[in-house]
Amino acid sequence: VASAPANRADVHFMSGMIPHHAQAVLIAGWASSHSARADIVRLCERIVVGQGDEIALMQTWLRQKGAPIPDAKATHMKMTMNGMDHDMLMPGMLSPEQLAELDAARGSTFDRLFLQAMIRHHQGAISMVDELLASEGAAQDDLVYKFASDVYADQTTEISFMEKMLATIPPESSK
């Protein structure tokens, strides 16, 4: 049963954040198999669990609003413009080439590339929150406002944490 209609910006934000989170879950899931160091593996485990739970929350909210629901493993946001369907990456998401480079990396190279990518990824999520909050009438729904506020706070904190971790990774040796 659909509840009251949602603000268009809220639906766009929640729909776009699902593939954004799905990509974070995907690449964080690679940590153990890509020989990441222990503290990065722990960070990645938190990302997988936390953002996986948030994907379910967003899907439930969209379902309640009668809006289309992106798959939990969606890698792009589906948009229809001028009657044509388009796949688009949300801010901070990795391109297919960047994903392939990260997937091929191991050890400290993976650690460095992962942290650099996830910092940009989190910055992208923060820009999505900023865009939402700048939209007229957006985030009046309690759940959307709380979720967006949590994304902003959590990801800002994680960026600071990841920047400190990145500073401890030895520079790539030139060959």
Side-chain angles (χ1 to χ4, degrees), residues 12-62 69-77 87-133 139 143-174:
H12 177 75
F13 173 75
M14 298 294 255
S15 298
M17 195 58 76
I18 290 173
H20 200 274
H21 271 27
Q23 188 181 81
V25 168
L26 171 72
I27 65 175
W30 293 343
S32 292
S33 64
H34 288 59
S35 303
R37 67 184 200 198
D39 59 340
I40 293 174
V41 170
R42 283 190 304 277
L43 169 68
C44 288
E45 289 168 349
R46 286 195 306 270
I47 290 170
V48 167
V49 171
Q51 293 198 16
D53 289 348
E54 289 174 347
I55 288 170
L57 173 99
M58 291 181 280
Q59 288 177 317
T60 298
W61 184 87
L62 288 165
I69 304 164
D71 184 77
K73 295 185 180 190
T75 57
H76 293 78
M77 182 173 181
D87 285 344
M88 59 186 278
L89 294 174
M90 301 312 292
M93 289 180 71
L94 282 73
S95 69
E97 298 78 20
Q98 291 168 318
L99 284 171
E101 180 184 15
L102 181 60
D103 192 18
R106 297 293 183 273
S108 64
T109 301
F110 175 84
D111 295 344
R112 182 181 317 94
L113 290 174
F114 173 81
L115 290 170
Q116 291 168 339
M118 194 56 72
I119 289 167
R120 285 190 311 272
H121 206 266
H122 278 23
Q123 289 167 336
I126 290 167
S127 76
M128 291 170 68
V129 171
D130 288 340
E131 180 183 329
L132 171 71
L133 297 178
L143 189 137
V144 173
Y145 179 78
K146 181 181 180 332
F147 174 66
S149 298
D150 287 350
V151 166
Y152 194 94
D154 294 347
Q155 297 204 4
T156 299
T157 301
E158 283 184 2
I159 287 169
S160 175
F161 186 64
M162 289 187 292
E163 286 172 339
K164 289 174 184 157
M165 292 172 81
L166 185 59
T168 68
I169 296 173
E172 197 161 16
S173 59
S174 49

Apply side chain to side chain contact (heavy atoms under 4.5 Å, CB included) to Leu99 and Gln23, showing your working. CA-CA 9 Å; Leu99 284 171; Gln23 188 181 81; 3.8 Å; yes
Start with the C-alpha gap between Thr157 and Asp154, add the side-chain angles, then the distance that decides, and say whether side chain to side chain contact (heavy atoms under 4.5 Å, CB included) holds. CA-CA 5 Å; Thr157 301; Asp154 294 347; 5.9 Å; no
Under the criterion side chain to side chain contact (heavy atoms under 4.5 Å, CB included), I'd like the reasoning laid out for His121 against His20: C-alpha separation, chi angles, the key distance, then a yes or no. CA-CA 8 Å; His121 206 266; His20 200 274; 3.2 Å; yes
What verdict does the side chain to side chain contact (heavy atoms under 4.5 Å, CB included) test give for Leu132 and Tyr152, after you've listed the backbone C-alpha separation in whole Å, the side-chain angles of each residue and the deciding distance to 0.1 Å? CA-CA 11 Å; Leu132 171 71; Tyr152 194 94; over 6 Å; no
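Ile159 CD1 to Leu115 CG: the interatomic distance, rounded to the nearest 0.5 Å, is 12.0 Å. Taken from CG in Asp39 to CG in Asp111, the straight-line distance is 7.5 Å, to the nearest 0.5 Å. Atom CZ of Arg46 and atom CD of Glu158 lie 7.0 Å apart (nearest 0.5 Å). Here the CE atom belonging to Met93 is positioned 9.0 Å from the CD1 atom belonging to Ile27, to the nearest 0.5 angstrom. Between the OG1 atom in Thr60 and the CD1 atom in Ile55 there is a gap of 12.0 Å [rounded to 0.5 Å]. The structure places CD1 of Ile40 at 11.5 Å from OG of Ser32, a figure rounded to the nearest 0.5 Å.
Put simply, the side chain of Ser33 gets close to the backbone of Trp30: a donor and an acceptor are under 3.5 Å apart. The backbone N or O of Gly107 lies less than 3.5 Å from no partner atom in the side chain of Arg112, so there is not a single donor-acceptor pair.
The minimum heavy-atom distance between Val25 and Gly52, with the atom names listed, is CG2-N, 3.9 Å. What you find for Pro91 and Ser127 is that their closest heavy atoms are CB-OG, 3.4 Å. Across all non-hydrogen atoms, the minimal contact from His34 to Ala105 is CD2-O, 3.2 Å. Looking at every heavy atom in both residues, Pro19 comes nearest to Gly16 through CD-O, 3.3 Å. The shortest heavy-atom contact between Leu62 and Pro70 is CD1-CD, 3.8 Å. Of all the heavy atoms in Val48 and Gly29, the pair that sits closest is CG2-N, 3.8 Å.
Within the 4.5 Å cutoff, side-chain heavy atoms of Met118 are placed close to those of Ile47. Contact of the Gln123 side chain with the Arg120 side chain is registered, since non-hydrogen atoms from C-beta on lie closer than 4.5 Å. Considering only heavy atoms from C-beta on, Met14 comes within 4.5 Å of Leu143 through its side chain. Side-chain contact check for His21 versus Met58: some heavy-atom pair is nearer than 4.5 Å. Counting heavy atoms from C-beta on, the side chains of Phe13 and Phe147 come closer than 4.5 Å. The side-chain heavy atoms of Gln155 and Val129, taken from C-beta on, include no pair separated by under 4.5 Å.
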